[in-house]
Amino acid sequence: MAGSPTARRRRLSIELKKLREKSALTCAQVGESLDWSGSKVNRMETGSGRVQPSDIDALCRFYGTTDELREFLKSLAREAKTRGWWQVHGSGVPEWFNIYIGLEQEASTFRQYQCELIPGLMQTEAYTGELHRTGAHMSAEDIDKAVRVRMERQAMLTRPDSPDAWFIVNEGALRNVIGDAALMREQLERVLESAELPSVTLQVLPFDSGTCPATGTFTMLGFPDQEDPDLVYRDGITDAVYLEGEHHVREYTRAFDGLRAAALSPPRSIQLVKTVAKEYAG
């Protein structure tokens, strides 16, 4: 079972929706039968509201589930209220990004294309700090918190159950100078270190790769439990989009495969990173 509060909440929402659809009822019909509003049922199924164990009891009695399933769902509801390690940093991590971190921590497969910046899971503290200071909209304290969270997230690549992680990075991200040459040289050395990890595959999409899918940066997460569907994540300055439908996942998988085919092989990618790092060394 997924371990982070976010993943538990997502799994609970999935299971509740499956029970209702199996009963061939609408949210409004379920709500009317339980003297609830249809919107309450909808919030429970979308994860946009907290679900109390007493609500689970009522729903399971209504749907006629087994005692075992009822207790399982109640445990999900209780554990979804706990806080993840990243949430102790408060305002340093936006609420919409809290959701992503919780899902990222549970992923068994990780696929990411970065077209402008070095992937966050490969960034140095100096590189991350420079990115956060550029916007000048965060306090120094919040910047420190945000940097710490990003550094702690990187531990997922070295733990015993690390996800199968595949990164495709546009050559522009290697040559886009963040800070100065010294900072970038250090950053590319970190990229090379990360690429040596057994769970990590790195490819670079060179400038001369030709026409490729115009996608922008995106991340695809897969989960160990088949009941937890894959999803696509895209973020912006103030919010994020989560795409979970089969059509979305299929099309982004196709785009990722296209980028992977156009990118340099892992060995040639490593050589290009080394070449650019030497250029920063002067």
Side-chain angles (χ1 to χ4, degrees), residues 85-86 89 92-93 97 100-101 104-105 107 109-135 138 140 143-209 212 216-221 233 235 256 259-260 262-282:
W85 60 260
W86 56 93
H89 295 286
V93 183
F97 195 58
Y100 170 76
I101 297 176
E104 178 188 71
Q105 294 297 302
T109 61
F110 181 97
R111 302 287 182 266
Q112 186 175 84
Y113 171 59
Q114 277 285 352
C115 57
E116 296 180 356
L117 302 171
I118 300 300
L121 295 179
M122 293 182 171
Q123 291 177 10
T124 63
E125 187 172 334
Y127 186 97
T128 299
E130 190 69 24
L131 290 177
H132 281 91
R133 282 190 291 273
T134 299
M138 298 174 69
I143 290 175
D144 287 342
K145 291 178 180 178
V147 171
R148 285 201 299 274
V149 168
R150 184 160 298 180
M151 296 303 103
E152 291 179 36
R153 283 172 53 212
Q154 295 176 1
M156 65 182 283
L157 296 180
T158 57
R159 69 193 190 200
D161 62 340
S162 59
D164 174 24
W166 198 304
F167 299 88
I168 300 177
V169 181
N170 193 289
E171 182 178 348
L174 308 180
R175 299 187 180 278
N176 180 22
V177 179
I178 303 298
D180 55 25
L183 189 155
M184 288 302 299
R185 183 174 67 253
E186 177 188 46
Q187 174 58 74
L188 294 191
E189 289 172 352
R190 170 66 65 81
V191 170
L192 293 171
E193 292 173 2
S194 299
E196 292 179 354
L197 296 172
S199 63
V200 172
T201 301
L202 171 69
Q203 287 185 270
V204 175
L205 187 70
F207 287 144
D208 62 357
S209 61
C212 294
T217 294
F218 67 93
T219 302
M220 299 178 61
L221 300 178
Y233 170 81
D235 63 11
F256 191 84
L259 291 165
R260 184 164 54 184
L264 300 175
S265 67
R268 291 181 63 195
S269 296
I270 294 299
Q271 190 55 53
L272 178 56
V273 176
K274 290 180 177 179
T275 297
V276 178
K278 289 179 180 178
E279 294 174 5
Y280 285 126

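Numbers here simply count residues along the sequence, with the first being 1.
- Taking both residues in full, the closest heavy atoms of Y113 and L259 are given as CG-CD1, 3.6 Å, listed atom of the first, atom of the second, then distance.
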### Message
Could you walk me through whether L221 and T219 satisfy the side-chain contact (heavy atoms from CB on, under 4.5 Å) test, starting with their C-alpha distance in whole Å, then the side-chain angles of each, then the deciding distance to 0.1 Å, before giving a yes or no?
### Response
CA-CA 7 Å; L221 300 178; T219 302; 3.9 Å; yes
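- Between L131 and T128 the shortest side-chain heavy-atom distance does not fall below 4.5 Å.
- The distance from the CG atom of L121 to the OG atom of S194 is 8.5 Å, given to the nearest 0.5 Å.
- The backbone N or O of E125 lies less than 3.5 Å from no partner atom in the side chain of R190, so there is not a single donor-acceptor pair.
- The structure places CZ of R268 at 13.0 Å from CD1 of I270, a figure rounded to the nearest 0.5 Å.
- Contact annotation: the side chain of V200 approaches that of M122 to within less than 4.5 Å [non-hydrogen atoms, C-beta and beyond].
- Counting only heavy atoms from C-beta outward, the side chains of R153 and I101 approach each other to under 4.5 Å.
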### Query
Could you go step by step and tell me if V147 and D144 meet the side-chain contact (heavy atoms from CB on, under 4.5 Å) rule?
CA-CA 5 Å; V147 171; D144 287 342; 5.7 Å; no
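- Under the 4.0 Å criterion applied to side-chain N and carboxylate O atoms, R175 and E171 are assigned as salt-bridge partners.
- Under the 3.5 Å distance criterion, the side-chain polar atoms of T134 are matched with a main-chain donor or acceptor of E130.
- Contact check for L192 versus K274: side-chain heavy atoms found under the 4.5 Å cut-off.
- Between Q112 and I168 the shortest side-chain heavy-atom distance does not fall below 4.5 Å.
- Within the model, atoms CD1 of I143 and NE2 of H132 stand 8.0 Å from one another, a figure rounded to the nearest 0.5 Å.
- Minimum heavy-atom separation, P266 to T201: CG-CG2, 4.0 Å.
- A distance of 9.0 Å separates OH in Y233 from CD in E104, rounded to the nearest 0.5 Å.
- Residue S209 holds its OG atom at 8.5 Å from CG of L264, rounded to the nearest 0.5 Å.
- Of all heavy-atom pairs spanning A173 and I118, the tightest one is O-CD1, 3.8 Å.
- The shortest distance between side-chain heavy atoms of V177 and Y280 falls below 4.5 Å.
- Q105 and R159 make their closest contact through O-NH2, 2.9 Å (heavy atoms, listed as atom of the first residue, atom of the second, distance).
- The minimum heavy-atom distance linking T124 with Q187 is given by the pair N-OE1, 2.8 Å.
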### Test side-chain contact (heavy atoms from CB on, under 4.5 Å) applied to V169 and L205, step by step
CA-CA 6 Å; V169 181; L205 187 70; over 6 Å; no
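- Between L188 and V276, some side-chain heavy-atom pair lies under the 4.5 Å cut-off.
- Looking at S199, its side chain never comes within 3.5 Å of a backbone N or O of S162 through a donor-acceptor pair.
- Using a 4.5 Å cut-off on side-chain heavy atoms (C-beta onward), L117 and I178 make contact.
- Here the CE atom belonging to M220 is positioned 7.5 Å from the OG1 atom belonging to T109, to the nearest 0.5 angstrom.
- Minimum heavy-atom separation, P163 to A107: CB-O, 3.4 Å.
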### Task
Quick one: do Q123 and Y127 satisfy side chain to side chain donor-acceptor pair (under 3.5 Å)? Show the steps, please.
CA-CA 6 Å; Q123 291 177 10; Y127 186 97; 5.3 Å; no
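- You'll find the ring centres of F110 and F167 inside the 6.0 Å limit.
- By the neighbour-count criterion of 12 heavy atoms within 6.0 Å, atom CD of E116 is sparsely surrounded, having that number or fewer from other residues, nucleotides or ligands.
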